[in-house]
Amino acid sequence: MEKRLSMLVLLILLCILSNGVNGKTKARKHRSEISRRLKLLNKPAVKTIKSEDGDIIACVDIYKQPAFDHPALKNHTIQMQPSFIPSTETPNGERENSRPVVSQLWKKRGSCPKGTIPIRRIRRRELLRTNGRKSPEHLKGTNKTATQDRFMHLNNTKGPMLYPTPENRSTAILLTYGYNYVGASGEINVWNPRVERLPEFTTAQIWLKSGAVNNFESVEAGWTVHPAEYSDARTRFFVYWTADGYKKTGCFDLTCYGFVQTSTEIALGGAVEPGSSSFQQQYVLPINIFMDPTTTNWWLVFHDIAVGYWPGSLFSLLKHSATSVEWGGQVYSVNVRKTPHTKTAMGSGNDAEELYGFACFIGQPRILDYSKSYKYPTFVAVWKDEYNCYSAVNYKAGNANDEATFFFGGPGQSYRCP
(Lines give C-alpha, C1' and ligand atoms only; values in the text may rest on other atoms or scores of the structure.)
Protein backbone atom coordinates (compact mmCIF):
# COMPACT_ATOMS: atom_id res chain seq x y z
CA MET A 1 0.00 0.00 0.00
CA GLU A 2 2.81 2.40 0.95
CA LYS A 3 4.63 1.54 -2.27
CA ARG A 4 1.53 2.41 -4.32
CA LEU A 5 1.16 5.73 -2.48
CA SER A 6 4.81 6.54 -3.11
CA MET A 7 4.38 5.82 -6.81
CA LEU A 8 1.27 8.01 -6.92
CA VAL A 9 3.07 10.89 -5.23
CA LEU A 10 5.99 10.49 -7.65
CA LEU A 11 3.64 10.57 -10.65
CA ILE A 12 1.96 13.74 -9.33
CA LEU A 13 5.36 15.41 -8.84
CA LEU A 14 6.42 14.42 -12.35
CA CYS A 15 3.19 15.89 -13.78
CA ILE A 16 3.74 19.16 -11.88
CA LEU A 17 7.35 19.41 -13.08
CA SER A 18 6.33 18.52 -16.62
CA ASN A 19 3.60 21.18 -16.65
CA GLY A 20 6.06 23.73 -15.32
CA VAL A 21 8.58 22.92 -18.05
CA ASN A 22 5.85 22.98 -20.71
CA GLY A 23 4.58 26.30 -19.35
CA LYS A 24 8.03 27.86 -19.52
CA THR A 25 8.52 26.51 -23.04
CA LYS A 26 5.20 27.98 -24.17
CA ALA A 27 6.05 31.33 -22.56
CA ARG A 28 9.40 31.41 -24.38
CA LYS A 29 7.72 30.60 -27.69
CA HIS A 30 5.14 33.33 -27.09
CA ARG A 31 7.84 35.92 -26.32
CA SER A 32 9.75 34.83 -29.39
CA GLU A 33 6.63 35.19 -31.56
CA ILE A 34 5.96 38.67 -30.16
CA SER A 35 9.56 39.70 -30.94
CA ARG A 36 9.19 38.36 -34.48
CA ARG A 37 5.96 40.27 -35.02
CA LEU A 38 7.37 43.49 -33.62
CA LYS A 39 10.27 43.28 -36.05
CA LEU A 40 7.88 42.69 -38.97
CA LEU A 41 5.46 45.46 -37.98
CA ASN A 42 7.96 48.14 -36.97
CA LYS A 43 9.54 48.64 -40.39
CA PRO A 44 12.72 50.68 -40.91
CA ALA A 45 11.98 54.41 -41.00
CA VAL A 46 13.05 56.99 -43.55
CA LYS A 47 12.26 59.62 -40.92
CA THR A 48 11.10 59.47 -37.29
CA ILE A 49 8.78 61.92 -35.50
CA LYS A 50 8.27 61.95 -31.73
CA SER A 51 4.78 63.15 -30.86
CA GLU A 52 4.19 65.17 -27.71
CA ASP A 53 1.95 62.36 -26.42
CA GLY A 54 4.91 59.94 -26.46
CA ASP A 55 4.06 58.15 -29.71
CA ILE A 56 6.84 57.46 -32.18
CA ILE A 57 5.71 57.97 -35.78
CA ALA A 58 7.88 56.24 -38.37
CA CYS A 59 7.77 57.48 -41.96
CA VAL A 60 8.05 54.16 -43.81
CA ASP A 61 8.54 53.56 -47.54
CA ILE A 62 5.03 53.04 -48.92
CA TYR A 63 6.12 49.84 -50.67
CA LYS A 64 7.52 48.36 -47.44
CA GLN A 65 4.41 48.78 -45.28
CA PRO A 66 3.08 45.76 -43.29
CA ALA A 67 0.18 45.08 -45.69
CA PHE A 68 2.51 43.47 -48.20
CA ASP A 69 3.51 40.73 -45.76
CA HIS A 70 0.01 39.29 -46.28
CA PRO A 71 0.26 36.20 -48.56
CA ALA A 72 -2.68 37.42 -50.67
CA LEU A 73 -0.98 40.79 -51.27
CA LYS A 74 2.53 39.69 -52.30
CA ASN A 75 2.03 40.88 -55.88
CA HIS A 76 -0.47 43.60 -55.07
CA THR A 77 -0.30 46.81 -57.09
CA ILE A 78 -1.02 49.87 -54.94
CA GLN A 79 -4.03 51.93 -55.97
CA MET A 80 -2.73 55.39 -55.08
CA GLN A 81 -6.10 57.16 -55.35
CA PRO A 82 -9.74 56.04 -55.60
CA SER A 83 -11.21 56.23 -59.08
CA PHE A 84 -13.90 58.55 -57.70
CA ILE A 85 -15.10 59.99 -54.37
CA PRO A 86 -18.89 59.95 -53.99
CA SER A 87 -20.73 63.24 -53.60
CA THR A 88 -22.99 64.03 -50.66
CA GLU A 89 -25.98 66.34 -50.74
CA THR A 90 -28.52 67.69 -48.27
CA PRO A 91 -32.25 67.07 -48.71
CA ASN A 92 -32.34 70.51 -50.43
CA GLY A 93 -29.66 69.48 -52.90
CA GLU A 94 -27.00 71.76 -51.43
CA ARG A 95 -23.48 70.74 -50.51
CA GLU A 96 -23.16 69.96 -46.80
CA ASN A 97 -20.98 72.01 -44.46
CA SER A 98 -18.96 70.13 -41.88
CA ARG A 99 -18.54 71.13 -38.26
CA PRO A 100 -14.98 71.81 -36.95
CA VAL A 101 -12.82 68.77 -37.64
CA VAL A 102 -10.22 67.19 -35.34
CA SER A 103 -6.58 66.83 -36.33
CA GLN A 104 -3.83 64.44 -35.24
CA LEU A 105 -1.47 65.37 -32.44
CA TRP A 106 1.75 64.04 -34.00
CA LYS A 107 1.55 66.49 -36.90
CA LYS A 108 2.58 69.35 -34.58
CA ARG A 109 6.10 67.89 -34.63
CA GLY A 110 6.61 67.29 -38.34
CA SER A 111 5.40 65.56 -41.49
CA CYS A 112 6.32 62.54 -43.59
CA PRO A 113 7.98 62.98 -46.98
CA LYS A 114 6.37 61.96 -50.26
CA GLY A 115 6.67 58.24 -50.97
CA THR A 116 6.31 57.30 -47.28
CA ILE A 117 3.41 56.68 -44.90
CA PRO A 118 3.28 57.53 -41.16
CA ILE A 119 3.09 54.41 -38.99
CA ARG A 120 2.74 54.53 -35.22
CA ARG A 121 5.43 52.38 -33.61
CA ILE A 122 3.88 49.44 -31.76
CA ARG A 123 5.14 48.63 -28.27
CA ARG A 124 5.83 45.13 -26.97
CA ARG A 125 3.38 45.55 -24.08
CA GLU A 126 0.59 46.41 -26.52
CA LEU A 127 1.04 43.19 -28.48
CA LEU A 128 1.30 41.20 -25.26
CA ARG A 129 -1.99 42.68 -23.98
CA THR A 130 -4.18 42.55 -27.09
CA ASN A 131 -2.18 41.25 -30.06
CA GLY A 132 -3.98 44.02 -31.97
CA ARG A 133 -7.16 42.01 -32.02
CA LYS A 134 -10.74 42.19 -30.83
CA SER A 135 -11.94 39.03 -29.10
CA PRO A 136 -14.26 36.80 -31.19
CA GLU A 137 -17.96 37.56 -30.99
CA HIS A 138 -19.63 34.79 -29.02
CA LEU A 139 -23.39 35.24 -29.11
CA LYS A 140 -25.52 35.05 -26.00
CA GLY A 141 -28.54 32.79 -26.00
CA THR A 142 -30.79 35.45 -24.51
CA ASN A 143 -30.87 39.21 -24.22
CA LYS A 144 -32.56 40.18 -20.96
CA THR A 145 -31.90 43.90 -20.99
CA ALA A 146 -32.51 45.01 -24.58
CA THR A 147 -35.71 46.81 -25.42
CA GLN A 148 -38.54 44.39 -26.18
CA ASP A 149 -36.63 41.41 -27.61
CA ARG A 150 -33.73 40.57 -29.91
CA PHE A 151 -35.65 41.51 -33.05
CA MET A 152 -35.58 44.96 -34.59
CA HIS A 153 -37.81 46.59 -37.19
CA LEU A 154 -36.85 49.20 -39.76
CA ASN A 155 -38.97 52.34 -39.21
CA ASN A 156 -41.37 50.20 -37.14
CA THR A 157 -42.29 48.17 -40.21
CA LYS A 158 -43.08 44.48 -40.37
CA GLY A 159 -40.43 41.93 -41.18
CA PRO A 160 -38.24 41.73 -38.07
CA MET A 161 -34.50 41.09 -38.17
CA LEU A 162 -32.67 39.07 -35.54
CA TYR A 163 -29.92 41.28 -34.14
CA PRO A 164 -27.02 39.43 -32.46
CA THR A 165 -26.04 40.24 -28.89
CA PRO A 166 -22.38 39.23 -28.43
CA GLU A 167 -21.02 38.50 -24.98
CA ASN A 168 -18.81 41.17 -23.39
CA ARG A 169 -20.08 43.91 -25.73
CA SER A 170 -22.77 46.54 -25.30
CA THR A 171 -23.87 48.46 -28.37
CA ALA A 172 -26.05 51.50 -29.12
CA ILE A 173 -26.46 52.00 -32.85
CA LEU A 174 -28.42 53.32 -35.79
CA LEU A 175 -28.74 50.55 -38.36
CA THR A 176 -29.95 49.96 -41.90
CA TYR A 177 -29.92 46.60 -43.66
CA GLY A 178 -31.39 44.50 -46.43
CA TYR A 179 -29.91 46.21 -49.50
CA ASN A 180 -26.60 46.23 -51.32
CA TYR A 181 -24.51 49.01 -49.82
CA VAL A 182 -21.24 50.07 -51.39
CA GLY A 183 -20.48 52.91 -49.00
CA ALA A 184 -21.36 54.75 -45.80
CA SER A 185 -20.36 58.01 -44.16
CA GLY A 186 -21.04 60.20 -41.16
CA GLU A 187 -19.62 62.94 -38.94
CA ILE A 188 -18.70 61.32 -35.62
CA ASN A 189 -18.72 63.69 -32.64
CA VAL A 190 -15.41 63.33 -30.74
CA TRP A 191 -15.17 63.00 -26.95
CA ASN A 192 -12.85 61.38 -24.41
CA PRO A 193 -14.94 59.00 -22.28
CA ARG A 194 -13.71 57.11 -19.24
CA VAL A 195 -12.42 53.54 -19.51
CA GLU A 196 -12.49 51.85 -16.12
CA ARG A 197 -9.85 49.11 -16.45
CA LEU A 198 -7.81 47.01 -18.88
CA PRO A 199 -8.63 45.47 -21.32
CA GLU A 200 -11.90 47.41 -21.66
CA PHE A 201 -12.41 49.88 -24.48
CA THR A 202 -15.06 52.16 -25.93
CA THR A 203 -15.65 53.21 -29.55
CA ALA A 204 -17.72 55.56 -31.71
CA GLN A 205 -17.65 54.29 -35.27
CA ILE A 206 -19.16 53.16 -38.56
CA TRP A 207 -19.41 49.49 -39.54
CA LEU A 208 -20.18 48.01 -42.98
CA LYS A 209 -20.96 44.31 -42.70
CA SER A 210 -21.92 41.30 -44.75
CA GLY A 211 -22.47 37.66 -43.83
CA ALA A 212 -23.83 35.52 -41.01
CA VAL A 213 -24.34 37.11 -37.59
CA ASN A 214 -21.58 35.01 -36.01
CA ASN A 215 -19.20 34.89 -39.00
CA PHE A 216 -19.51 38.28 -40.68
CA GLU A 217 -17.10 40.32 -42.76
CA SER A 218 -16.66 43.93 -41.66
CA VAL A 219 -14.75 47.12 -42.36
CA GLU A 220 -14.83 49.71 -39.57
CA ALA A 221 -13.48 53.14 -38.70
CA GLY A 222 -13.98 55.83 -36.04
CA TRP A 223 -12.47 56.80 -32.72
CA THR A 224 -11.69 54.77 -29.64
CA VAL A 225 -10.32 55.05 -26.12
CA HIS A 226 -8.43 51.79 -25.68
CA PRO A 227 -5.64 51.88 -23.06
CA ALA A 228 -4.67 48.23 -23.58
CA GLU A 229 -4.14 48.75 -27.31
CA TYR A 230 -2.47 52.19 -27.20
CA SER A 231 -0.99 52.44 -23.66
CA ASP A 232 -2.92 55.59 -22.72
CA ALA A 233 -6.45 56.99 -22.35
CA ARG A 234 -6.35 59.40 -25.31
CA THR A 235 -9.00 59.44 -28.01
CA ARG A 236 -7.54 57.86 -31.15
CA PHE A 237 -8.51 57.40 -34.78
CA PHE A 238 -8.72 53.70 -35.63
CA VAL A 239 -9.58 51.32 -38.43
CA TYR A 240 -10.45 47.64 -38.19
CA TRP A 241 -11.42 44.73 -40.42
CA THR A 242 -12.39 41.08 -40.08
CA ALA A 243 -13.41 38.32 -42.47
CA ASP A 244 -14.78 35.92 -39.84
CA GLY A 245 -16.45 37.81 -36.99
CA TYR A 246 -13.11 38.59 -35.25
CA LYS A 247 -12.26 34.89 -34.85
CA LYS A 248 -8.92 34.61 -36.64
CA THR A 249 -8.69 37.53 -39.05
CA GLY A 250 -8.41 41.29 -38.73
CA CYS A 251 -6.86 43.80 -36.38
CA PHE A 252 -6.69 47.42 -35.29
CA ASP A 253 -4.88 49.75 -37.67
CA LEU A 254 -1.72 48.11 -39.07
CA THR A 255 -1.08 45.54 -36.31
CA CYS A 256 -1.68 42.80 -38.85
CA TYR A 257 -1.38 42.60 -42.61
CA GLY A 258 -4.33 43.91 -44.60
CA PHE A 259 -5.05 47.64 -44.77
CA VAL A 260 -3.04 49.39 -47.49
CA GLN A 261 -2.19 52.99 -46.55
CA THR A 262 -1.53 55.64 -49.20
CA SER A 263 -1.68 58.95 -47.29
CA THR A 264 1.36 60.76 -45.85
CA GLU A 265 -0.93 62.81 -43.56
CA ILE A 266 -2.79 60.35 -41.32
CA ALA A 267 -1.31 57.89 -38.81
CA LEU A 268 -3.68 55.04 -38.01
CA GLY A 269 -4.03 54.80 -34.24
CA GLY A 270 -2.82 58.38 -33.82
CA ALA A 271 -4.36 60.60 -31.13
CA VAL A 272 -6.90 63.22 -32.28
CA GLU A 273 -7.69 66.62 -30.83
CA PRO A 274 -9.43 68.74 -29.73
CA GLY A 275 -12.20 66.80 -28.08
CA SER A 276 -15.69 68.12 -27.45
CA SER A 277 -16.94 69.19 -24.03
CA SER A 278 -20.27 70.24 -22.57
CA PHE A 279 -21.38 73.84 -23.28
CA GLN A 280 -18.39 74.18 -25.65
CA GLN A 281 -17.57 73.76 -29.35
CA GLN A 282 -18.38 70.34 -30.78
CA TYR A 283 -15.73 68.65 -32.95
CA VAL A 284 -16.23 65.84 -35.42
CA LEU A 285 -14.34 63.07 -37.18
CA PRO A 286 -15.78 62.83 -40.72
CA ILE A 287 -15.57 59.26 -42.03
CA ASN A 288 -16.31 58.08 -45.55
CA ILE A 289 -15.94 54.38 -46.50
CA PHE A 290 -16.82 53.19 -49.98
CA MET A 291 -16.01 50.46 -52.49
CA ASP A 292 -14.16 51.48 -55.64
CA PRO A 293 -16.08 49.84 -58.51
CA THR A 294 -12.97 49.37 -60.66
CA THR A 295 -10.94 47.45 -58.04
CA THR A 296 -13.45 46.31 -55.33
CA ASN A 297 -11.10 47.92 -52.77
CA TRP A 298 -12.86 49.56 -49.82
CA TRP A 299 -11.49 53.10 -49.51
CA LEU A 300 -11.34 55.14 -46.31
CA VAL A 301 -11.52 58.94 -46.47
CA PHE A 302 -10.84 61.05 -43.34
CA HIS A 303 -12.49 64.44 -44.02
CA ASP A 304 -11.06 65.12 -47.49
CA ILE A 305 -7.96 62.88 -47.17
CA ALA A 306 -7.93 59.48 -48.89
CA VAL A 307 -6.15 57.45 -46.19
CA GLY A 308 -5.96 54.07 -47.92
CA TYR A 309 -8.05 50.96 -48.46
CA TRP A 310 -8.91 47.42 -47.47
CA PRO A 311 -8.16 45.30 -50.58
CA GLY A 312 -11.16 43.43 -51.95
CA SER A 313 -9.02 40.27 -51.98
CA LEU A 314 -9.27 40.11 -48.15
CA PHE A 315 -12.96 39.25 -48.43
CA SER A 316 -15.45 37.05 -50.22
CA LEU A 317 -18.83 38.73 -49.55
CA LEU A 318 -17.54 42.29 -49.23
CA LYS A 319 -16.01 41.94 -52.68
CA HIS A 320 -19.52 42.64 -53.92
CA SER A 321 -21.28 44.80 -51.31
CA ALA A 322 -22.24 45.15 -47.67
CA THR A 323 -25.73 44.12 -46.53
CA SER A 324 -25.88 46.26 -43.39
CA VAL A 325 -24.49 49.57 -42.13
CA GLU A 326 -24.22 50.61 -38.47
CA TRP A 327 -23.41 53.98 -36.89
CA GLY A 328 -22.89 54.34 -33.15
CA GLY A 329 -20.95 53.19 -30.11
CA GLN A 330 -19.73 50.03 -28.46
CA VAL A 331 -18.24 49.18 -25.07
CA TYR A 332 -16.17 46.05 -24.55
CA SER A 333 -16.04 44.64 -21.01
CA VAL A 334 -16.61 41.33 -19.24
CA ASN A 335 -18.85 43.35 -16.89
CA VAL A 336 -21.60 44.36 -19.31
CA ARG A 337 -25.00 42.84 -18.53
CA LYS A 338 -23.72 42.09 -15.03
CA THR A 339 -23.96 43.59 -11.55
CA PRO A 340 -21.85 45.48 -10.74
CA HIS A 341 -21.74 46.88 -14.27
CA THR A 342 -18.60 48.38 -15.78
CA LYS A 343 -18.08 52.13 -15.34
CA THR A 344 -16.59 52.42 -18.82
CA ALA A 345 -18.56 55.14 -20.62
CA MET A 346 -19.84 55.29 -24.17
CA GLY A 347 -19.84 58.44 -26.34
CA SER A 348 -19.57 61.52 -24.13
CA GLY A 349 -20.57 59.58 -21.02
CA ASN A 350 -23.93 61.39 -21.05
CA ASP A 351 -27.25 59.83 -22.01
CA ALA A 352 -28.48 60.24 -25.59
CA GLU A 353 -31.56 62.16 -24.44
CA GLU A 354 -29.37 65.10 -23.36
CA LEU A 355 -28.86 65.83 -27.07
CA TYR A 356 -26.55 68.34 -28.75
CA GLY A 357 -23.68 69.73 -26.73
CA PHE A 358 -23.94 67.01 -24.09
CA ALA A 359 -24.50 63.65 -25.79
CA CYS A 360 -22.28 62.18 -28.49
CA PHE A 361 -23.83 62.18 -31.95
CA ILE A 362 -23.27 61.05 -35.50
CA GLY A 363 -24.47 63.66 -37.95
CA GLN A 364 -25.34 63.24 -41.61
CA PRO A 365 -25.38 59.42 -41.67
CA ARG A 366 -25.33 58.36 -45.30
CA ILE A 367 -25.39 55.20 -47.38
CA LEU A 368 -24.11 54.68 -50.90
CA ASP A 369 -25.75 52.40 -53.44
CA TYR A 370 -24.95 51.86 -57.09
CA SER A 371 -26.20 55.36 -57.93
CA LYS A 372 -22.76 56.56 -56.71
CA SER A 373 -24.28 59.39 -54.65
CA TYR A 374 -24.61 59.37 -50.86
CA LYS A 375 -28.12 59.63 -49.41
CA TYR A 376 -29.87 59.38 -46.07
CA PRO A 377 -31.02 55.76 -45.64
CA THR A 378 -34.67 55.17 -46.45
CA PHE A 379 -35.15 52.74 -43.58
CA VAL A 380 -33.37 52.84 -40.22
CA ALA A 381 -33.68 51.23 -36.80
CA VAL A 382 -32.29 52.22 -33.41
CA TRP A 383 -30.83 49.48 -31.23
CA LYS A 384 -29.44 49.50 -27.69
CA ASP A 385 -28.36 46.36 -25.86
CA GLU A 386 -28.65 47.92 -22.38
CA TYR A 387 -31.03 50.87 -22.45
CA ASN A 388 -30.50 51.58 -18.73
CA CYS A 389 -26.72 51.81 -19.23
CA TYR A 390 -26.21 53.16 -22.77
CA SER A 391 -29.05 54.89 -24.59
CA ALA A 392 -29.73 55.89 -28.20
CA VAL A 393 -32.21 58.14 -29.99
CA ASN A 394 -32.59 59.24 -33.60
CA TYR A 395 -33.72 62.80 -32.88
CA LYS A 396 -35.45 65.05 -35.40
CA ALA A 397 -36.19 68.71 -34.65
CA GLY A 398 -39.48 70.37 -35.55
CA ASN A 399 -38.30 71.81 -38.87
CA ALA A 400 -39.61 69.59 -41.67
CA ASN A 401 -36.45 70.20 -43.72
CA ASP A 402 -34.18 68.96 -40.95
CA GLU A 403 -33.11 65.34 -40.93
CA ALA A 404 -32.61 63.26 -37.82
CA THR A 405 -29.33 63.27 -35.87
CA PHE A 406 -28.36 60.08 -34.09
CA PHE A 407 -27.39 60.51 -30.41
CA PHE A 408 -25.99 57.72 -28.25
CA GLY A 409 -23.99 56.98 -25.10
CA GLY A 410 -24.08 56.77 -21.34
CA PRO A 411 -21.94 56.42 -18.22
CA GLY A 412 -22.20 52.69 -17.74
CA GLN A 413 -22.70 51.96 -14.03
CA SER A 414 -25.10 54.46 -12.44
CA TYR A 415 -28.23 54.52 -10.28
CA ARG A 416 -30.18 53.16 -13.30
CA CYS A 417 -27.43 50.70 -14.21
CA PRO A 418 -26.19 49.17 -10.94
Side-chain angles (χ1 to χ4, degrees), residues 41 43 49 51 55 57-68 70 73 76-86 88 98 101-107 111-122 132 182-188 190 203-208 218-224 230 235-241 250-273 283-292 294-312 314-315 318 366 368 374:
L41 292 170
K43 303 291 186 181
I49 301 168
S51 175
D55 279 354
I57 303 298
C59 302
V60 174
D61 186 321
I62 190 171
Y63 294 100
K64 295 180 181 178
Q65 62 181 292
F68 300 123
H70 193 293
L73 302 176
H76 182 78
T77 301
I78 297 179
Q79 183 184 4
M80 296 304 296
Q81 289 289 334
S83 61
F84 83 110
I85 294 180
T88 305
S98 295
V101 175
V102 293
S103 61
Q104 291 203 301
L105 197 58
W106 70 273
K107 295 175 76 173
S111 60
C112 284
K114 187 177 180 181
T116 69
I117 60 168
I119 301 180
R120 177 184 171 273
R121 288 292 194 204
I122 298 166
V182 291
S185 66
E187 292 189 341
I188 307 174
V190 177
T203 73
Q205 64 178 97
I206 298 173
W207 297 259
L208 289 104
S218 176
V219 289
E220 312 171 17
W223 61 256
T224 183
Y230 300 107
T235 303
R236 293 175 175 271
F237 171 58
F238 83 94
V239 302
Y240 202 96
W241 69 275
C251 61
F252 283 96
D253 309 327
L254 299 178
T255 49
C256 69
Y257 322 126
F259 189 87
V260 177
Q261 187 166 335
T262 59
S263 172
T264 62
E265 300 180 64
I266 300 297
L268 301 180
V272 294
E273 63 167 24
Y283 293 89
V284 297
L285 176 69
I287 295 294
N288 179 352
I289 304 171
F290 62 94
M291 187 175 72
D292 190 304
T294 62
T295 60
T296 71
N297 296 329
W298 284 89
W299 274 89
L300 170 66
V301 175
F302 175 120
H303 194 29
D304 56 356
I305 300 169
V307 179
Y309 58 88
W310 296 271
L314 295 175
F315 310 105
L318 281 177
R366 296 286 187 270
L368 182 69
Y374 275 117

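All of these numbers come straight from a predicted model, not from anything done at the bench.
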* Of the non-hydrogen atoms in Ile289 and Glu220, which two are nearest, and what is the gap between them? -> CD1-C, 4.4 Å
* Asked: Heavy atoms, side chains only, cut-off 4.5 Å: are Cys59 and Ile49 in contact?
  -> yes
* To do: Any chance you could lay out the side chain to side chain contact (heavy atoms under 4.5 Å, CB included) test for Ile62 and Met80, step after step, and finish with the verdict?
  => CA-CA 10 Å; Ile62 190 171; Met80 296 304 296; 3.7 Å; yes
* Asked: With no hydrogens and no angle check, is any side-chain donor or acceptor of Thr295 less than 3.5 Å from a backbone partner on Asn297?
  -> yes
* Is the backbone of Ala267 close enough, under 3.5 Å, to the side chain of Gln104 for a donor and an acceptor to pair up by distance? -> yes
* With Asp55, which of Arg121, Arg236, Lys107 fulfils salt bridge (Lys or Arg N to Asp or Glu O under 4.0 Å)? -> Arg236
* Asked: Taking all atoms of both residues into account, what is the closest heavy-atom pair of Pro66 and Ile119, and its distance?
  -> CD-CD1, 3.8 Å
* To do: Find out whether Gln81 and Thr262 are in side-chain contact, i.e. whether some heavy atom of one side chain is under 4.5 Å from a heavy atom of the other.
  => no
* Structure fact -> For Ala306 and Ser263, the nearest pair of non-hydrogen atoms, with its separation, is O-CB, 3.4 Å
* Could you give me the CA-CA distance, side-chain angles and deciding distance for Phe315 and Thr296, then say whether side chain to side chain contact (heavy atoms under 4.5 Å, CB included) is met? => CA-CA 10 Å; Phe315 310 105; Thr296 71; over 6 Å; no
* **Separation between OG of Ser103 and CD1 of Ile266, rounded to the nearest 0.5 Å** => 9.0 Å
* Distance-only, no hydrogens or angles: does the Gln261 side chain make a donor-acceptor pair with backbone N or O of Ile117 under 3.5 Å? -> no
* Asked: Are the side chain of Tyr309 and the backbone N or O of Gln79 linked by a donor-acceptor pair below 3.5 Å?
  -> yes
* Asked: Shortest non-hydrogen contact from Ser218 to Trp207?
  -> OG-CD1, 4.0 Å
* To do: Report the C-alpha separation of Asp253 and Tyr230 in whole Å, then their side-chain angles, then the decisive distance to 0.1 Å, and conclude whether the side chain to side chain contact (heavy atoms under 4.5 Å, CB included) test is met.
  => CA-CA 11 Å; Asp253 309 327; Tyr230 300 107; 2.5 Å; yes
* Asked: In terms of ring plane angle, is the pair Phe259 and Trp310 parallel, tilted or perpendicular, where the classes change at 30° and 60°?
  -> perpendicular
* Asked: Are any side-chain N or O atoms of Trp298 and backbone N or O atoms of Leu318, one a donor and one an acceptor, separated by less than 3.5 Å?
  -> yes
* Asked: What's the verdict on ring pair (Phe, Tyr, Trp, His ring centres under 6.0 Å) for Phe84 and Phe290, showing C-alpha distance, side-chain angles and the deciding distance?
  -> CA-CA 10 Å; Phe84 83 110; Phe290 62 94; 5.6 Å; yes
* Can you see which heavy atom on Pro86 is nearest to which on Leu368, and at what distance? => CG-CD2, 3.6 Å
* **Interatomic distance, Ile206 atom CD1 to Ser185 atom OG [nearest 0.5 angstrom]** => 6.5 Å
* **Under 3.5 Å: donor-acceptor pair, side chain of Arg120, backbone of Ala58** => no
* Asked: Does the side chain of Val307 come within less than 4.5 Å of Leu268's, by heavy atoms?
  -> yes
* **Name of the residue among Trp241, Phe238, Phe237 meeting ring pair (Phe, Tyr, Trp, His ring centres under 6.0 Å) with Phe252** => Phe238
* So, Asp61 side chain and Thr116 main chain: donor-acceptor pair closer than 3.5 Å or not? -> no
* Asked: Distance from Leu254 atom CG to Leu41 atom CG, nearest 0.5 Å?
  -> 8.5 Å
* Asked: If every non-hydrogen atom of Pro311 is compared with every non-hydrogen atom of Gly258, which pair is closest and at what distance?
  -> CD-O, 3.1 Å
* To do: Could you walk me through whether Thr294 and Asp292 pass the side-chain hydrogen bond (donor to acceptor under 3.5 Å, both in side chains) test, one step at a time?
  => CA-CA 6 Å; Thr294 62; Asp292 190 304; 2.5 Å; yes
